[in-house]
Amino acid sequence: MKRDALLDAAEALLCEQGTQALTLSAVAERAQVSKGGLLYHFPNKEALIRGLVERLIEEFDALIASYETGGPGSYTRAFVEANLAVVMDRDHSRLLRRWATVSAAAADPALLTQLREAMHRWHGDPGDDPDPVAAQVARLAAEGLWEVVMHDPDLYDEAQLETLRERLLALL
């Protein structure tokens, strides 16, 4: 539980103040633990960012799995639903967390390796999709929508997002 509190504190600092604010001392202070307590879980800043990336990937994989129903094309439908669930989340916390984590990892190409591996899983082989090209288009559109809304959360209202969700799912 303490590990998650430290990751939450790091995400909050990133979202509120940007990557320059992410220091081990600032995270420890924000999480109200000693720096030694932080170092027990994350021996350096790279380990902390790696923890952020791992959690982001695990949470998104779990969200996809929560929409998975089985059968042909179910992974792509689940991927689209998961992306749109994040986009349609009105408090935008998951959008900001993704931006914060990716921004922090971008400073070190080694840290981006985990994200690249996840992207290969998420966007790679369309598997058993009846129309593999439509599956790729839907996945890319859902991911792109996430990216756009991350930069301007109020660009689309709830009705517009629902229309986009329905259209993407109809492609499949």
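Not measured: the values here are computed from a predicted model. One-based numbering along the sequence shown.
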Checklist line | Partner set under side-chain hydrogen bond (donor to acceptor under 3.5 Å, both in side chains) for S66, not counting sequence neighbours | finding: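 S66 satisfies side-chain hydrogen bond (donor to acceptor under 3.5 Å, both in side chains) with no residue once adjacent residues are dropped.
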Notebook entry, point to check: Who passes side-chain hydrogen bond (donor to acceptor under 3.5 Å, both in side chains) against W146, sequence neighbours left out?
Noted result: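 None.
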Next item on the list: Verify side chain to side chain contact (heavy atoms under 4.5 Å, CB included) between I64 and Y75, making sure each step is shown before the conclusion.
Entry: CA-CA 8 Å; I64 292 170; Y75 178 82; 3.6 Å; yes
Margin query: In terms of relative ring orientation, are F79 and W122 parallel, tilted or perpendicular, with 30° and 60° separating the classes?
Written below: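 Ring orientation, 0 to 90° scale: tilted.
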Under the side chain to side chain contact (heavy atoms under 4.5 Å, CB included) rule, collect the residues that match up with [X], sequence neighbours excluded.
X: T113; value: E117
X: T19; value: L14, S103
X: A47; value: F42, P43, N44
X: Q114; value: R50, V53, E54, I57

Notebook entry, point to check: Partners of D89 by salt bridge (charged side-chain N to carboxylate O under 4.0 Å, His left out), sequence neighbours excluded?
Noted result: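 Per chain and number, D89 pairs via salt bridge (charged side-chain N to carboxylate O under 4.0 Å, His left out) with R94.
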Margin query: Suppose the criterion is ring-ring contact (aromatic ring centres under 6.0 Å, His included): which pairs have a residue in residues 2-31, not counting sequence neighbours?
Written below: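 Non-adjacent pairs meeting ring-ring contact (aromatic ring centres under 6.0 Å, His included): zero.
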Which value, rounded to the nearest 0.5 Å, describes the distance between [X] atom [atom1] and [Y] atom [atom2]?
X: T101; Y: L111; atom1: OG1; atom2: CG; answer: 11.0 Å
X: E58; Y: D61; atom1: CD; atom2: CG; answer: 8.0 Å
X: E158; Y: T163; atom1: CD; atom2: OG1; answer: 11.0 Å
X: L84; Y: L164; atom1: CG; atom2: CG; answer: 7.5 Å
X: H123; Y: Q136; atom1: NE2; atom2: CD; answer: 10.0 Å

Next item on the list: Verify side chain to side chain contact (heavy atoms under 4.5 Å, CB included) between Y156 and V87, making sure each step is shown before the conclusion.
Entry: CA-CA 10 Å; Y156 299 104; V87 169; over 6 Å; no
Notebook entry, point to check: If we only count heavy atoms from C-beta on, is the L48 to L22 side-chain gap below 4.5 Å?
Noted result: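 In contact.
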Identify the heavy atoms of [X] and [Y] that sit nearest to each other, and give their distance.
X: G37; Y: L6; result: O-CD1, 4.4 Å
X: L168; Y: A138; result: CD2-CA, 4.0 Å
X: D128; Y: G71; result: OD2-O, 3.4 Å

Notebook entry, point to check: Going through the checks in order, is the side chain to side chain contact (heavy atoms under 4.5 Å, CB included) test met by V148 and L155?
Noted result: CA-CA 8 Å; V148 168; L155 186 62; 3.5 Å; yes
Please collect all salt bridge (charged side-chain N to carboxylate O under 4.0 Å, His left out) contacts where either partner lies in [range], sequence neighbours excluded, each pair once.
range: residues 7-31; value: D8-R55, E11-R55, E11-R97, E16-R30
range: residues 138-153; value: R98-E143, D129-R139
range: residues 162-172; value: E81-R165, E162-R165
range: residues 32-42; value: none

Notebook entry, point to check: When clusters are formed by joining ILVMFWY residues with side-chain heavy atoms under 4.5 Å apart, either directly or through shared neighbours, do L171 and L161 land in the same one?
Noted result: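 L171 clusters together with L161.
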Note to self: Tell me whether H151 at atom NE2 has more than 12 heavy atoms from other residues, nucleotides or ligands lying less than 6.0 Å away.
What the structure shows: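 It does: H151 NE2 has more than 12 such atoms within range.
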Next item on the list: Could you please spell out the steps behind the side chain to side chain contact (heavy atoms under 4.5 Å, CB included) verdict for L24 and L39?
Entry: CA-CA 8 Å; L24 296 179; L39 293 172; 3.8 Å; yes
